[in-house]
**Student:** 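Before anything else, here's the structure in question.
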Number of protein chains: 2
Amino acid sequence: MYWGVKMNLKKKVSLAVVKRLPRYYRYLSDLLKMDIKRISSQELSSRMGITASQIRQDLNCFGGFGQQGYGYNVEYLFNEIGNILGTNNKYQTIIIGAGNMGQALANYTNFEKRGFKIISIFDVDPKLVGTEIRDIEIRDLETLEDFISQNYVDIAMLAVPYEQTPVVAERVAKLGVRGLWNFSPMDLKLPYDVIIENVHLSDSLMVLGYKLNEKFDFTRNDSEKNNDCDF
Amino acid sequence: MYWGVKMNLKKKVSLAVVKRLPRYYRYLSDLLKMDIKRISSQELSSRMGITASQIRQDLNCFGGFGQQGYGYNVEYLFNEIGNILGTNNKYQTIIIGAGNMGQALANYTNFEKRGFKIISIFDVDPKLVGTEIRDIEIRDLETLEDFISQNYVDIAMLAVPYEQTPVVAERVAKLGVRGLWNFSPMDLKLPYDVIIENVHLSDSLMVLGYKLNEKFDFTRNDSEKNNDCDF
DNA sequence: AAATCCTTGTTATTTTTTTGTCAATATTGC
DNA sequence: GCAATATTGACAAAAAAATAACAAGGATTT
């Protein structure tokens with residue numbers, strides 16, 4: 001069947017595959033830096049510690065980037081994955097919360113290289129409001145609504161205390177911000193059309209704890225039980 | 001067959017299950033705070049947005065914590081999962097790198113509540129060395145070897161610049177530190193018996209970017225192509 | 001105390017993900 | 001330019017994960 005237009009038969013790519021893309025991107029970036037021009041799935045496989053089959057299958061979710069008998073052109077593949085991930089887009093980004101985490105995010109210049117341009121930071125602390133981080137002004141959180149209605153804001157990075165997170169998230173989502181990058185240990189749920197990506201640092205740390213326990217013995221220090229339930 | 005000792009027939013729990021545990025722990029913590037005494041897999045299912053079947057199957061990897069016709073006792077289950085995750089252990093932890101990320105980690109008091117006691121911070125900046133964060137002294141990175149050999153250190157949180165990460169990781173691993181929590185966008189690989197847990201912030205952000213592109217159109221700002229490959 | 005209702009733990013089924021295989025085809029060496 | 005080699009993309013098989021189904025048995029109601 002042919003309907004006269006390019007059919008959108010592309011099957012939705014699974015999250016498992018998508019989550020591996022940034023890792024491919026990193027390895028390809030390293031290869032580029034090492035001035036390696038071509039790479040086979042076999043060779044990449046041994047570098048990354050995953051099967052060559054998986055690499056080929058992952059990449060083929062998005063199209064045939066390789067060539068039989070040759071492998072993949074590193075620069076080409078790097079750029080293609082970049083396009084898939086959208087690192088060539090420019091996202092207008094704000095940071096909410098200028099505590100240590102917010103400042104760490106603001107100072108992490110590499111996000112900019114991936115398309116995430118930080119255009120403003122917001123906080124409630126009068127001592128911070130008016131100051132700058134890397135030429136980015138810290139504004140009063142009160143002015144959030146004004147700012148967003150006067151500037152395109154695609155993404156908000158939320159680095160605010162636990163209790164305030166849902167409130168702030170609701171405020172930005174209501175204003176049409178499309179993506180939230182949340183650092184609070186909670187699962188944000190909002191009645192808006194917004195993509196939420198969580199960075200649950202404590203979860204990651206607890207998984208480390210689990211793996212340590214699995215392998216080593218840490219009971220030696222089990223003096224006090226810890227039954228409180230705050231995060 | 002019975003060999004006189006408790007047999008270790010427990011099948012290794014898959015990482016997929018382990019990674020969900022902290023999330024269960026969080027929800028149970030919330031229930032505790034709300035003074036809810038019991039919960040069925042059904043009810044928890046609708047709160048968490050996963051199937052009741054998965055919850056029951058996950059929990060049964062570690063033992064039968066529930067009761068037919070009743071459900072799960074919230075406090076009991078919370079404590080059991082805490083034990084599995086090892087939140088009742090005490091891990092002697094150091095932070096390496098007192099930049100914004102290191103300071104953010106040092107100020108995040110909740111890690112302490114999960115058993116991760118930060119006993120020292122290390123940096124190379126002479127302006128920081130000697131100062132304190134929450135009564136934790138920042139020491140010269142030069143003194144790392146001395147410190148570790150004189151104190152039990154279970155875990156090192158690595159919040160140092162990209163290039164220095166492998167070097168520092170090697171140093172602590174060599175000294176017998178058991179776990180590394182790495183914030184650099186690289187896959188650490190070390191010839192030591194050490195558990196490494198990575199927090200790849202840029203990866204997470206790029207997945208957010210992918211999801212945004214999948215759903216919305218961000219090509220409007222595609223003015224300059226970005227082909228550099230630094231992280 | 002009996003009957004009904006709930007809800008688990010377990011097993012079976014389905015779905016998803018990963019791995020293996022191989023024909024097709026470009027590259028490389030002679 | 002031809003044969004040998006390398007390597008992909010597609011498909012098949014296997015493994016793993018998620019979901020469904022249900023018997024067993026405690027909780028609740030009458």
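Predicted, not measured: the structure shown is a model, and the values here were computed from it. Note on naming: letters A, B, ... go to the chains in the order of the sequence lines (proteins, then strands), and numbering restarts at 1 for each one.
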**Student:** Whole-Å distance between C:dT17 P and A:Lys19 NZ?
**Tutor:** 11 Å
**Student:** So, is A:Arg20 close to the C:dT18 phosphate, meaning a side-chain N or O under 4.0 Å from OP1 or OP2?
**Tutor:**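 So the side-chain polar atoms of A:Arg20 do come within 4.0 Å of the phosphate oxygens OP1 or OP2 of C:dT18, strictly under.
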**Student:** Using a cut-off of less than 4.0 Å, is there contact between a side-chain N or O of B:Gln67 and OP1 or OP2 of C:dT7?
**Tutor:**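 B:Gln67 to C:dT7 OP1/OP2: no side-chain N or O under 4.0 Å.
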**Student:** Does some side-chain heavy atom of B:Arg178 sit less than 4.5 Å from a side-chain heavy atom of A:Leu212?
**Tutor:**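 A side-chain contact under 4.5 Å exists here.
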**Student:** On the 0 to 90° scale, with breaks at 30° and 60°, tag the A:Trp181-A:Phe111 ring pair as parallel, tilted or perpendicular.
**Tutor:** perpendicular
**Student:** Return whichever of B:Gly64 or A:Ala16 has its heavy-atom-nearest nucleotide of DNA chain C closer to the 5' end.
**Tutor:**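 Mapping each residue to its closest nucleotide by heavy atoms, the 5'-most match is B:Gly64.
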**Student:** Distance to the ring centre below 6.0 angstrom and angle to the axis at most 45 degrees; does that hold for A:Arg38 and A:Tyr70?
**Tutor:** yes
**Student:** Is the closest side-chain heavy-atom distance between B:Asp203 and A:Arg26 below 4.5 Å?
**Tutor:** yes
**Student:** Do A:Arg47 and A:Asp30 meet the salt-bridge criterion of a basic N to acidic O distance under 4.0 Å?
**Tutor:**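 Salt bridge: no.
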**Student:** How close or far is atom P of C:dT10 from atom CG of B:Asn60, stated in whole angstroms?
**Tutor:** 5 Å
**Student:** Once the angle between the rings of A:Phe62 and B:Tyr210 is folded into 0 to 90°, is it parallel (under 30°), tilted (30 to 60°) or perpendicular (over 60°)?
**Tutor:**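 Because their plane-to-plane angle is over 60°, the rings of A:Phe62 and B:Tyr210 count as perpendicular.
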**Student:** How would you give the extent of chain B contacts on DNA chain D, as first and last nucleotide 5' to 3' within a 4.0 Å heavy-atom cut-off?
**Tutor:**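 From 5' to 3', the first and last contacting nucleotides are D:dA17 to D:dT28.
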**Student:** Quick one: the side chain of B:Gln68 and the base of C:dT8, do they pair up donor-acceptor inside 3.5 Å?
**Tutor:**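 Counting by modelled atom types and ignoring angles, a donor-acceptor contact under 3.5 Å is found here.
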**Student:** Tell me, which of residues 47-58 of chain B have any heavy atom that sits under 4.0 Å from an atom in DNA chain D?
**Tutor:**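 Output list: B:Thr51, B:Ser53, B:Gln54, B:Arg56, B:Gln57.
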**Student:** In whole Å, I'd like the distance from the OH atom of B:Tyr70 to the P atom of C:dG9.
**Tutor:** 13 Å
**Student:** Using side-chain heavy atoms (C-beta onward) and a distance below 4.5 Å, is A:Asn213 in contact with B:Asn89?
**Tutor:** yes
**Student:** Report the distance from atom CZ of B:Phe65 to atom C1' of C:dG9, rounded to the nearest whole Å.
**Tutor:** 13 Å
**Student:** Between B:Tyr76 and B:Phe65, what is the ring plane arrangement, given parallel below 30°, perpendicular above 60°, and tilted in between?
**Tutor:** perpendicular
**Student:** Between A:Gln42 (CD) and C:dG20 (P), how many Å, whole number?
**Tutor:**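 Rounding to the nearest Å, CD of A:Gln42 and P of C:dG20 are 11 Å apart.
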**Student:** How about A:Gln42: does its CD atom have over 12 heavy atoms from other parts shown lying under 6.0 Å from it?
**Tutor:** no
